[in-house]
2 protein chains.
Amino acid sequence: MAGLEDVARAAGVSASTVSRAMSRPDMVAPATLERVRAAAAELGFRANPAARALTTGRTGYLAMVVPDLHNPFYGGVISGAQRAAERRDVRLVITVTDGRPEREAAALRDLAGQVDGFALLSPVSTTADLTAARRRAPVVVVNRRVPGVTSFTADTPGGLARIFDRLGELGHTDVGYLAGPPGSWMDRRRRAELRDRAGRHGLRLREFGPVRPAFAEGAAAADEIVASGCGAVLAYNSLLLLGLLFEFGRWGIRVPTDMSVAAADDMAFADLPGQPVTALRVPAVELGRRAADALLAMAGGTGRRPASRTLPTEVTLTGSVAAPPARR
Amino acid sequence: MAGLEDVARAAGVSASTVSRAMSRPDMVAPATLERVRAAAAELGFRANPAARALTTGRTGYLAMVVPDLHNPFYGGVISGAQRAAERRDVRLVITVTDGRPEREAAALRDLAGQVDGFALLSPVSTTADLTAARRRAPVVVVNRRVPGVTSFTADTPGGLARIFDRLGELGHTDVGYLAGPPGSWMDRRRRAELRDRAGRHGLRLREFGPVRPAFAEGAAAADEIVASGCGAVLAYNSLLLLGLLFEFGRWGIRVPTDMSVAAADDMAFADLPGQPVTALRVPAVELGRRAADALLAMAGGTGRRPASRTLPTEVTLTGSVAAPPARR
DNA sequence: GTGAAAGCGCTAACAG
DNA sequence: CTGTTAGCGCTTTCAC
């Protein structure tokens, strides 16, 4: 591994000049800069991040604290964050919590001082713990809104509401909602929104779950949902809906003839030809990008913390939503 | 952030003693050890990994180079690796390559010297590049076998072969295989195995794809597969099979009456009640654990590189596989 | 068994 | 604009 000193020698300058050339090119004479760059390229020089961290106090790492890597939504968020981070030569450290608050707390504790900031995806910690964490390191939250903490969310409650309204117009009377992870802030918001809508339209909202948002859980819930007599069901995410559809298929329940369906995210359905399933288009990658950018801005220490944002979701009502089957 | 010096002061010893107490407890008198530990706990001391990296040359980071976070198989591998790593107080850095060799090469280049080792999941680089990388840093490969590089794979070709054999016994004559990512080593192995089997049994193997292993691609491929007249189809992974099943469901194609199906991994189907789909149980978490352990052993520098392993896959033939429909 | 001192590779004043 | 100097927080000889 070539070091600063090696490059300096090769370029005939001092180590500090090399350092400056790399991190503040405008402070170096053009001619020198060029020589240094040539030498650095020649030797394949890459600054040792540990050494840099020691002097600057910035580690060049961002922590992504994620409940579950099987859920493609988080995959999207992480991809987005990674792209944003690598542009600034920052790396992503990943911690899987299985949605357990104690593991979230452990990540916050163990990684404090080792990263320049934390992106917590759908955190389950208390608001108090989250705001407390913010005092020790830059923190942003994705898929939950926490007062006092920069948060990035998608407006899935709003999107679901639109689907719900449409179901009402179509003449549905009983609409199911298969709820997501217990303790999920976002799930609570969606339910609250749907209840409100149901009340206004005089529809019955049937709530199922909460369940872990996985294919198997969706499949397992199908039974109860069908038995309940719902003519439509909204699922917390696309994995759950996939599970439902799988079981519906096995039992010969036709979509949307016998049952209308929709999901609060489109991760599994993205790029499907002909959009056969109504699902909210959720900007997962964009959420990740914003989270990383916000964290880096905070670590940059350029003043106030970045504003929270709720990104709109897109709904395209498609063939999976239709009028209810004739009353039995 | 409490430092070594703070703990030393609190415990009434020198910084070196604290350092030893933390990393080589046996070199410290029991009584001293206890005092130091108490002080460290009291102050919430955590060694600064950057400083440690600088002196020891070990960074405490492992790179996970992964093609695609939407694929739950990689989620499993990463979870396993993370658990193994955190036990030794090592962190995971993640890089998403989208299955592009140049991004793989970039990760190897940019992270060299910044991590203690690389776990490459389903890498697409040439064998030459991979073996070359091994000279610069510890490298292990998951889901591919590379001569001279410690590799961890699951015997999915063998598992698929068993399913294929069973289809033969059941009287199938035309079996489809929906192939995975172009350039995938593992996919080539599976095809080779299936071709061999087909030859021996006098079955026709119909190959579809290769396609990106995602739900949408499975759905898109359903058309062609049905049209081909296959009575059974094996899919590169469970995401693809889900896509197929989704389309089959829409068209009223019944499984297994009209079509037998199976997938080469069970990630999406894990924990499904009643195992309605034949899929190989792939030890993803275990693969990740082994990869991390091997890397840490290599970084430990305790001599020879760890041996490669192919882990067995489990097949339980279930209701999604049956005799072919009567010839039309 | 413990302390003093040197130094890992870099950045950041501070002179010049 | 560039070089010199002093650490960042640890680990590690080397004495004691």
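Throughout, protein chains are lettered first and strands after them, A, B, ... in sequence-line order, and every chain is numbered starting at 1. Every heavy atom of this structure was used, including side-chain atoms; hydrogens, water molecules and symmetry mates were not.
Of the residues in residues 11-24 of chain A, those placing a heavy atom less than 4.0 Å from an atom of DNA chain C are A:Ser16, A:Ser19, A:Arg20, A:Arg24, in numerical order. For the segment residues 1-10 of chain B, the set of residues with a heavy atom within less than 4.0 Å of an atom of DNA chain D comprises B:Gly3, B:Leu4, in numerical order. Heavy-atom distances under 4.0 Å link DNA chain D to A:Thr32 of residues 32-51 of chain A, given in residue order.
With sequence neighbours excluded, the residues satisfying ring-ring contact (aromatic ring centres under 6.0 Å, His included) with B:Tyr61 are A:Tyr61. Partners of B:Arg145 according to the salt bridge (Lys or Arg N to Asp or Glu O under 4.0 Å) rule, which considers only residues two or more places apart in sequence or in another chain, do not exist here. Residues passing the salt bridge (Lys or Arg N to Asp or Glu O under 4.0 Å) test with B:Arg134, sequence neighbours excluded: none. By the side-chain hydrogen bond (donor to acceptor under 3.5 Å, both in side chains) test, B:Ser122 pairs with B:Tyr74, B:Asn143, sequence neighbours left out. A:Arg9 meets the salt bridge (Lys or Arg N to Asp or Glu O under 4.0 Å) test with A:Asp6; sequence neighbours excluded. Judged as a salt bridge (Lys or Arg N to Asp or Glu O under 4.0 Å), and not counting sequence neighbours, A:Arg109 has no contacts.
Looking at A:Asp116 and A:Thr59, their side chains do bring a donor and an acceptor atom within 3.5 Å of each other. Counting only N and O atoms by type, the side chains of B:Ser308 and B:Thr150 include no donor and acceptor under 3.5 Å apart.
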Return all side-chain donor-acceptor pairs below 3.5 angstrom for residues 28-53 of chain A, not counting sequence neighbours, or 'none' if the list is empty.
from, atom 1, to, atom 2, distance (Å)
A:Arg35, NH1, A:Ala11, O, 2.8
A:Arg46, NH1, B:Asp110, OD1, 3.3
A:Asn48, OD1, A:Ala50, N, 2.8
A:Asn48, OD1, A:Ala51, N, 3.2

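The shortest distance between side-chain heavy atoms of B:Met186 and B:Thr153 falls below 4.5 Å. Considering only heavy atoms from C-beta on, B:Val77 stays 4.5 Å or farther from B:Val285 through its side chain. When side chains are defined from C-beta on, A:Pro67 counts as touching A:Leu121, because their heavy atoms get closer than 4.5 Å. Considering only heavy atoms from C-beta on, B:Val93 stays 4.5 Å or farther from B:Leu62 through its side chain.
Helix-axis bend for the helix from C:dG1-D:dC16 to C:dG16-D:dC1: the local axis fitted to the five terminal pairs at one end deviates from that at the other end by 30°, rounded to 10°.
Nearest-nucleotide positions on DNA chain C place B:Pro30 closer to the 5' end than the other of B:Leu54 and B:Pro30.
Checked options B:Val140, B:Val90, B:Val115; the residue passing with B:Leu295 is B:Val140 (criterion: side-chain contact (heavy atoms from CB on, under 4.5 Å)).
The outermost nucleotides of DNA chain C lying under 4.0 Å from heavy atoms of chain A, listed 5' to 3', are C:dG9 to C:dA13.
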Problem - A:Leu111/B:Arg91 under side-chain contact (heavy atoms from CB on, under 4.5 Å): CA gap, chis, key distance, verdict - result: CA-CA 9 Å; A:Leu111 257 36; B:Arg91 292 151 304 281; 3.7 Å; yes
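A straight line from CZ of A:Arg52 to P of D:dG9 spans 18 Å, rounded to a whole angstrom.
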